[in-house]
Amino acid sequence: MADRLAGLLVNASDAFERFVIVLVCVHALNGTDIRRLLPSDLDLSRERLFVRRSGRRHIVYFDGVTYRVISEWTQERHRHWPMSSNPHLLINRWTAVDPTAAITSSALHKTFKGTGVSMQTARQDRILHEAFESKDPLHLIRLFGISDTTALRYISAAHPERTAKLPR
C-alpha cells in the first residue's frame, strides 16, 4: 500500500494531483466530499480537515504525508490565485475566477488517468485494505466516516469467515 501511494505521488504532475491522491488513497474521500471542501474546513494548526456530508461531519486527521501535501497545495493555491473569490479549497485556473464553480468531477478523475486504477477503485482499495488489517467495523466507521452498513460490507468482503454465520 505504501509503495503504491509513493509511486502515485511521485508520478503526480503537481500539488493539486498530490492533494487529490492523498485524499482518495489515504483518507478514502469520494469526489463529492472533495468537491465540497472549503478552506474553512481545513485546520492546519490542529492537523485536521472537516468533511461535511449530508447531515453529519467527518474529521480527517493528518499523518505526515497528508500534512506535507496539504500544506504544499494551500501554498500553491495562494501563489497562483491569491485574490480568488472562489470559496472551494480545490480550484484550478477556470474555477478560480468563478465564485460559484466547484472543481469538476472530470478534473478529479483525470488525476488517476494513466495510473491503471480509477479514483473509485483507489478509494475502495483503501477501505478494503484497512478492513483486512483491522477486522473492526467501528474502526472503519471512525476512520473513514462511512455508514455501519458500508463498514460491514467491507468487513464481510475482507473476512468472509467472520460474517458467514451472521443473519442476512
Side-chain angles (χ1 to χ4, degrees), residues 1-130 140-147 150 154:
M1 179 74 178
D3 291 341
R4 187 180 195 182
L5 176 62
L8 288 170
L9 292 173
V10 165
N11 291 318
S13 63
D14 56 24
F16 175 91
E17 288 190 358
R18 284 186 285 281
F19 187 31
V20 171
I21 288 167
V22 165
L23 291 176
V24 173
C25 296
V26 175
H27 302 289
L29 296 187
N30 62 37
T32 302
D33 292 338
I34 295 169
R35 292 179 74 234
R36 288 181 180 164
L37 292 173
L38 304 175
S40 59
D41 297 328
L42 182 61
D43 185 352
L44 278 175
S45 65
R46 292 194 175 125
E47 300 182 1
R48 62 187 182 179
L49 178 68
F50 297 98
V51 180
R52 290 169 289 106
R53 295 180 174 150
S54 53
R56 57 193 165 88
R57 182 174 78 165
H58 171 62
I59 301 174
V60 170
Y61 296 96
F62 301 163
D63 59 350
V65 172
T66 302
Y67 185 83
R68 181 179 51 82
V69 168
I70 288 180
S71 296
E72 179 187 16
W73 166 249
T74 56
Q75 290 170 10
E76 183 169 313
R77 183 188 193 280
H78 181 73
R79 187 173 52 252
H80 287 287
W81 307 287
M83 302 301 286
S84 176
S85 59
N86 188 304
H88 296 90
L89 183 58
L90 276 166
I91 58 175
N92 59 24
R93 62 182 167 185
W94 295 283
T95 61
V97 295
D98 183 353
T100 63
I103 201 76
T104 63
S105 294
S106 61
L108 296 176
H109 289 283
K110 182 181 164 197
T111 299
F112 289 88
K113 189 176 182 179
T115 65
V117 64
S118 70
M119 190 168 99
Q120 181 177 355
T121 301
R123 178 180 184 270
Q124 291 169 345
D125 285 354
R126 173 65 182 108
I127 299 170
L128 190 59
H129 173 79
E130 197 67 32
L140 298 182
I141 292 166
R142 289 183 191 119
L143 186 61
F144 301 120
I146 58 178
S147 71
T150 301
Y154 278 101

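Only a predicted model underlies this, so the values are computations on that prediction, with no experimental measurement involved.
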query = When rounded to the nearest 0.5 angstrom, what is the spacing between CD in Gln124 and OG in Ser118?
reply = 7.0 Å
inquiry  = For Leu89 versus Arg77, what's the shortest heavy-atom pair and its separation?
reply    = O-NE, 3.1 Å
Validation row: Tyr61, Arg46 side chains within 4.5 angstrom (heavy atoms) = no
ask   = Asp98 and Thr95: side-chain hydrogen bond (donor to acceptor under 3.5 Å, both in side chains), yes or no, with the steps?
value = CA-CA 5 Å; Asp98 183 353; Thr95 61; over 6 Å; no
Parallel, tilted or perpendicular, as decided by the 30° and 60° cut-offs, for the rings of Tyr67 and Phe62 = tilted
key: Side-chain H-bond candidate by donor/acceptor type, His27 with Thr66, under 3.5 Å   = yes
ask   = Who pairs with Arg48 by salt bridge (Lys or Arg N to Asp or Glu O under 4.0 Å), at least two apart in sequence or on another chain?
value = Asp43
request  = For the pair Ile70 and Val22, evaluate side chain to side chain contact (heavy atoms under 4.5 Å, CB included) and give the outcome as yes or no after the intermediate values.
outcome  = CA-CA 9 Å; Ile70 288 180; Val22 165; 5.8 Å; no
inquiry  = Just verifying a value: how many Å separate Lys110 NZ and Phe16 CZ, rounded to the nearest 0.5 Å?
reply    = 9.0 Å
key: Straight-line distance of Asn30 CG to Gln120 CD, nearest 0.5 Å   = 9.0 Å
message = Counting C-beta onward and ignoring hydrogens, is there a side-chain heavy-atom pair between Val65 and Val26 closer than 4.5 Å?
response = no
ask   = Is a donor on one side and an acceptor on the other found under 3.5 Å between the side chain of Trp94 and the backbone of Ala101?
value = no
query = Taking C-beta and beyond as the side chain, do Glu130 and Arg126 meet within less than 4.5 Å on heavy atoms?
reply = yes
ask   = Does atom NE2 of His78 have more than 12 heavy-atom neighbours from other groups under 6.0 Å away?
value = no
inquiry  = Using a 3.5 Å distance criterion without hydrogens, assess whether the side chain of Arg53 forms a donor-acceptor pair with backbone atoms of His58.
reply    = no
note = For Ser147 and Ile141 the tightest heavy-atom approach is O-CG1, 4.0 Å
query = Heavy-atom count around Arg79 CZ within 6.0 Å, excluding the residue itself: above 12?
reply = yes
task = May I ask you to test the Phe112-Val20 pair for a side-chain heavy-atom distance under 4.5 Å?
result = yes
remark   = When rounded to the nearest 0.5 Å, the distance separating CD1 of Ile127 from CZ of Phe144 is 5.5 Å
remark   = d(Asp63 CG, Glu47 CD) to nearest 0.5 Å is 9.5 Å
ask   = Any donor-acceptor pair under 3.5 Å linking the side chain of Arg52 with the backbone of Arg36?
value = yes
ask   = Between Leu49 and Leu23, which heavy-atom pair has the shortest distance, and what is it?
value = CD2-CD2, 3.9 Å
key: Exam field: side chain Arg35 to backbone Leu108, donor-acceptor pair closer than 3.5 Å   = no
note = All heavy atoms of Gly145 vs all of Arg56, minimum pair found to be O-NH1, 2.9 Å
ask   = So which heavy atom on His88 is nearest to which on Pro39, and how close?
value = C-CD, 3.7 Å
request  = Supply the atom-to-atom distance Leu42 CG to Phe50 CZ, rounded to the nearest 0.5 angstrom.
outcome  = 9.5 Å
task = Report yes if some heavy atom in the side chain of Thr115 is under 4.5 Å from a heavy atom in the side chain of Ile21; otherwise report no.
result = no
ask   = At their closest point, which heavy atom of Pro87 faces which heavy atom of Leu38, and how far apart are they?
value = O-CD2, 3.0 Å
message = Could you check whether any side-chain N or O of Arg123 sits under 3.5 Å from a backbone N or O of Val24, counting only pairs where one atom can act as donor and the other as acceptor?
response = no
